[in-house]
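Right, one structure below, let's go through it.
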Amino acid sequence: MSIEILDGLNTEQRAAVTHTEGALLVLAGAGSGKTRVITYRIGYMIAKGIKPKNILAVTFTNKAAREMKERLIELVGASEGNKVTVGTFHSFCSLILRREIHRIGYLRNFTIADSNDQKGLLRQAAGELNFRKEDVPQDKLMNFISNCKNNLISPEEAIESAELEYSIRFAHVYKRYQQLLLNQNLLDFDDMLFNVYRIWSENPDVLERYREVYQYLLIDEYQDTNVAQFTLIKMLSGERENVCVVGDDDQSIYGWRGAVVENILNFPQNFSNCKEIRLEQNYRSTNNILHAANTVIKNNEMRYDKELWSAKGDGDSIKVFSCEDANKEAEAIADKIIYEIKKGRFQYKDFAVLYRSNQMARIVEQTLRSNSIPCKVVGGQEFFSRKEIKDAAAYLKLLFNSKDDQSFLRIINVPPRGVGDTTVKKIKEFRSNNKSFKNKSFVEILKSSEKLPEIISKRAQNGINDFLKVFDKYQEIFTEAGDVAKKVEAFLDESEFLHGMLKVYKDRNEALLRTEFIYEFIHSIAEFEERNGGKVTLAEFLEKYSLLDEQDRTNNDEKNDNAVTLTTVHASKGLEFPCVFVIGIEEKVFPHERSLMEGSEDEELRLFYVAITRAQLELFLSWSMIRMQRGKKNRQNRSHFLDQLPEQCIETLTAEQLVPVMSEDDQKQAFADIMKMFD
């Protein structure tokens with residue numbers, strides 16, 4: 001079987017698949033078949049006799065992990081494929097924490113704080129330390145704490161190393177914030193990696209146990225790893241160093257999230273006897289597109305030398321066109337799409353419009369829709385970010401982890417139970433003024449304090465008691481696996497949330513619409529059960545819900561899969577389309593103004609490279625002479641990135657030249673097509 005697995009691989013892919021022992025760096029250029037290599041490598045290892053349970057494959061999105069698992073099962077069968085651990089860094093860390101987190105003072109039924117929970121806890125921490133809002137701006141504070149955790153810096157270390165006044169304040173809030181998380185048995189997203197690091201560092205025997213299980217590591221998208229992820233990989237690999245990393249330094253575009261491109265650049269120095277293999281044959285694009293990408297990215301000095309090539313031929317030239325303004329730019333794109341659709345060469349789903357910033361989507365979306373062109377905006381409205389869905393999830397999170405005060409505060413008066421801000425304030429004061437309740441959760445206080453009825457109203461007390469009766473009943477019901485969706489529906493019904501929207505929203509239609517969304521949420525639980533064999537637990541669903549990433553959360557209102565994709569360049573990574581438009585390639589737009597101010601364009605250039613390499617057949621690059629920014633019309637200059645394109649690969653046009661004038665025969669055919677609609 002190991003020989004059969006190698007069929008259809010090129011020479012470099014085959015070398016990567018068959019090198020199973022020791023450190024391996026696979027530099028996989030855009031469109032070079034890296035997922036195929038990872039999947040086939042696992043299949044080859046299993047065929048060689050390596051036990052599937054000893055293999056760990058890690059990637060960055062749930063979608064990529066699902067696709068990898070599906071391909072693996074196709075290759076080796078479900079019985080072997082399902083024994084391989086495949087997931088994201090966070091899902092793998094969650095697996096470990098559910099077993100080991102008691103070692104650092106948490107309970108195993110921890111829940112994961114979302115951004116709203118984090119903001120609430122940070123406000124509380126700052127308030128307790130008597131800092132004003134302007135002393136600790138929330139966004140900067142969140143970034144500070146996230147950066148600390150991604151770099152494995154504890155609150156105590158942050159306090160010790162802080163020198164500037166603002167960083168001293170931030171570090172002290174960080175320390176109190178961590179204590180509040182612990183009190184409520186909550187982790188934030190960054191804690192998941194940091195706490196595994198803590199457990200492994202403080203318990204060498206535990207680390208050794210995991211090293212014995214996971215003897216072969218495969219890391220996808222390695223260029224996107226941060227310090228914490230690199231450290232966990234290094235720790236887990238141990239002396240064996242059976243680590244295969246696959247990535248492309250030229251596609252490292254997440255520095256703003258903490259990714260460290262040096263992880264891939266320095267991999268041969270960090271792992272001994274490292275073998276390097278370059279995958280340079282591209283299976284996606286034509287050579288004109290690849291030559292442009294190769295030429296552009298060579299302007300970055302700190303990179304591995306790679307030269308992408310394709311067997312698809314040169315293909316069409318890259319079209320660079322200028323427009324009067326953003327409206328004309330959008331109209332030109334709409335006209336071009338309509339023209340190509342009429343020619344029958346492409347379908348709507350073959351087109352993508354990429355942009356540097358989300359706000360640039362509005363004009364393009366409006367223009368396409370006004371021309372009856374179906375489109376979907378990636379990163380648009382998110383189903384799981386709707387208030388009623390977050391409320392429903394908070395009900396379940398509190399049921400699973402009764403210490404979760406953030407979820408309690410979110411839902412205790414939704415729908416209204418007489419537990420308003422005044423009541424909550426009194427409960428908080430009661431906790432602050434009574435030492436024995438200082439570290440108790442709201443649920444624990446409400447259940448155990450006999451004095452509480454003396455300080456809150458009879459109506460509030462009745463509302464709380466009614467809720468707690470239902471709460472206790474379903475905590476018991478959910479101890480058994482299975483029928484999670486049915487149980488959730490019953491719980492949300494009995495707690496009066498499911499049909500309580502009419503109490504929250506006066507507009508009946510609005511209330512009914514939100515109720516429909518709650519039913520859709522319950523339906524998503526039923527689908528999760530079906531995909532996972534039926535016998536799942538509430539904990540397993542909450543785990544999946546809490547670890548949703550951007551691609552999971554995207555909810556497009558366009559039901560038709562045959563639609564033009566509108567997306568940022570960042571979100572387009574990993575995607576490919578026959579025909580791609582990249583708009584707004586102007587100074588201070590692409591490259592972004594911030595990168596110009598900071599004097600660092602390397603990542604912006606890598607982002608431009610990613611945009612170029614999304615195109616399979618045709619690539620259109622546009623810039624506008626005038627663009628509305630921050631409510632003002634600004635005169636724009638074309639980006640100097642466009643000047644780095646090789647002249648022999650590009651054709652410079654105006655917006656008007658993008659669509660050829662229709663010949664007489666084409667006009668007759670178009671008229672005939674219209675008349676058919678009336679037959």
Side-chain angles (χ1 to χ4, degrees), residues 61-63 65-66 69-70 82 87-88 90-91 94-95 98 108-117 186-187 189 381-402 404 406-408 410-411 414-415 467 470-501 504 511-557 559:
T61 67
N62 295 324
K63 179 173 178 282
R66 284 193 299 270
K69 193 69 174 250
E70 287 165 6
N82 282 324
T88 62
H90 288 88
S91 66
S94 179
L95 184 74
R98 290 293 173 203
R108 287 190 177 99
N109 67 327
F110 65 84
T111 42
I112 299 169
D114 64 18
S115 59
N116 288 328
D117 298 330
L186 283 170
L187 303 182
F189 214 52
Q381 186 181 22
E382 298 174 350
F383 172 77
F384 288 103
S385 293
R386 299 186 67 89
K387 180 185 182 302
E388 59 275 16
I389 303 306
K390 283 183 169 287
D391 290 343
Y395 266 91
L396 303 183
K397 286 166 70 176
L398 184 64
L399 196 64
F400 181 64
N401 171 21
S402 60
D404 185 349
Q406 301 311 301
S407 292
F408 174 88
R410 185 177 187 101
I411 57 88
V414 180
F467 171 75
V470 177
F471 182 82
D472 289 343
K473 173 183 173 181
Y474 279 91
Q475 270 203 319
E476 181 69 27
I477 287 172
F478 274 102
T479 55
E480 291 187 16
D483 294 326
V484 177
K486 287 181 181 177
K487 291 173 184 174
V488 167
E489 183 175 354
F491 170 56
L492 295 181
D493 188 21
E494 278 195 54
S495 58
E496 299 188 357
F497 173 73
L498 184 57
H499 298 290
M501 292 297 105
V504 180
L512 291 175
L513 177 63
R514 290 177 183 265
T515 304
E516 284 180 23
F517 280 122
I518 297 168
Y519 273 113
E520 186 63 29
F521 175 70
I522 295 168
H523 179 61
S524 75
I525 300 175
E527 286 183 334
F528 175 75
E529 288 186 278
E530 189 177 337
R531 283 198 306 272
N532 291 275
K535 206 73 172 173
V536 301
T537 63
L538 176 63
E540 287 169 329
F541 172 74
L542 285 175
E543 193 87 354
K544 175 253 184 187
Y545 170 82
S546 297
L547 297 179
L548 291 173
D549 55 38
E550 288 176 8
Q551 291 181 343
D552 293 314
R553 290 177 179 273
T554 299
N555 180 49
N556 301 304
D557 59 359
K559 299 296 182 185

Between Ser524 and Phe541, is the side chain to side chain contact (heavy atoms under 4.5 Å, CB included) condition met? List the steps. CA-CA 10 Å; Ser524 75; Phe541 172 74; 4.2 Å; yes

Between the side chain of Arg386 and the main-chain N/O of Ile518, is any donor-acceptor distance below 3.5 Å? no

Side chains of Phe467 and Phe497: closer than 4.5 Å at any heavy-atom pair? no

Can you name the closest pair of heavy atoms from Ala394 and Ser407 and give their distance? O-CB, 3.5 Å

Is the backbone N or O of Gly87 less than 3.5 Å from a side-chain atom of Ser91, with the two atoms forming a donor-acceptor pair by type? no

Between Ile525 and Tyr545, is there a side-chain heavy-atom distance shorter than 4.5 Å? no

Nearest heavy-atom approach of Lys487 to Gly482 is NZ-O, 3.0 Å

Between the CD atom in Glu520 and the CZ atom in Arg514, the distance rounded to the nearest 0.5 Å is 15.5 Å

Shortest non-hydrogen pair, Thr537 vs Ala481, comes out as CG2-CB, 3.7 Å

Measure the acute angle between the ring planes of Phe478 and Phe491, then classify it against the limits of 30° and 60° as parallel, tilted or perpendicular. perpendicular

Heavy-atom donor-acceptor pair, Asn401 side chain to Leu186 backbone, under 3.5 Å: no

Hey, mind stepping through Lys535 and Glu529 against salt bridge (charged side-chain N to carboxylate O under 4.0 Å, His left out) and telling me if it holds? CA-CA 7 Å; Lys535 206 73 172 173; Glu529 288 186 278; over 6 Å; no

Hey, could you give me the CG/CG distance between Leu399 and Asn109, rounded to the nearest 0.5 Å? 11.0 Å

Just do the side chain to side chain contact (heavy atoms under 4.5 Å, CB included) check on Ile411 and Leu398 with the steps written out, would you? CA-CA 9 Å; Ile411 57 88; Leu398 184 64; 3.9 Å; yes

Test item: Arg410 and Val414 side chains (from C-beta on) under 4.5 Å apart, heavy atoms: no

Sidechain-backbone polar pair: Thr479 side chain, Glu476 backbone, donor-acceptor under 3.5 Å: yes

Do you know which two heavy atoms are closest between Asp114 and Asn116, and how far apart they sit? OD1-N, 3.0 Å

Check whether Asp493 reaches the backbone of Glu489 with its side chain - one donor and one acceptor, N or O, closer than 3.5 Å. no

CD1-OG distance between Ile112 and Ser546, expressed to the nearest 0.5 angstrom: 4.5 Å

Please tell me if the side chains of Ser495 and Phe471 come closer than 4.5 Å, counting only heavy atoms from C-beta onward. no

Can you list everything that forms a salt bridge (charged side-chain N to carboxylate O under 4.0 Å, His left out) with Glu540? Sequence neighbours excluded, please. none

Using every non-hydrogen atom in the two residues, find where Ile522 and Ala485 come nearest and quote the distance to one decimal. CG2-O, 3.7 Å

Hey, is the main chain of Lys486 close enough, under 3.5 Å, to the side chain of Asp483 for a donor-acceptor pair? no

dist Tyr395:OH -> Tyr474:OH (nearest 0.5 Å) comes out at 13.0 Å

Could you check whether any side-chain heavy atom of Phe189 comes within less than 4.5 Å of a side-chain heavy atom of Leu547, counting everything from C-beta outward? yes

Could you tell me if the side chain of Lys63 sits less than 4.5 Å from the side chain of Arg66, heavy atoms only? yes

4.5 Å side-chain heavy-atom contact, Lys397 and Asp117: yes

Please give me the minimum heavy-atom distance between Arg531 and Lys544, naming the atom from each residue. NH2-CE, 3.9 Å

Separation between CG (Leu542) and CZ (Phe528), nearest 0.5 Å, reads 9.5 Å

Just so I know, are the side chains of Val488 and Leu396 near enough to count as touching, which here means a heavy-atom distance under 4.5 Å? yes

Check whether Arg108 reaches the backbone of Arg98 with its side chain - one donor and one acceptor, N or O, closer than 3.5 Å. yes

Whether over 12 other heavy atoms sit under 6.0 Å from Glu530 CD: no

Main-chain N/O of Val470 paired to Glu494 side chain as donor or acceptor, under 3.5 Å: no

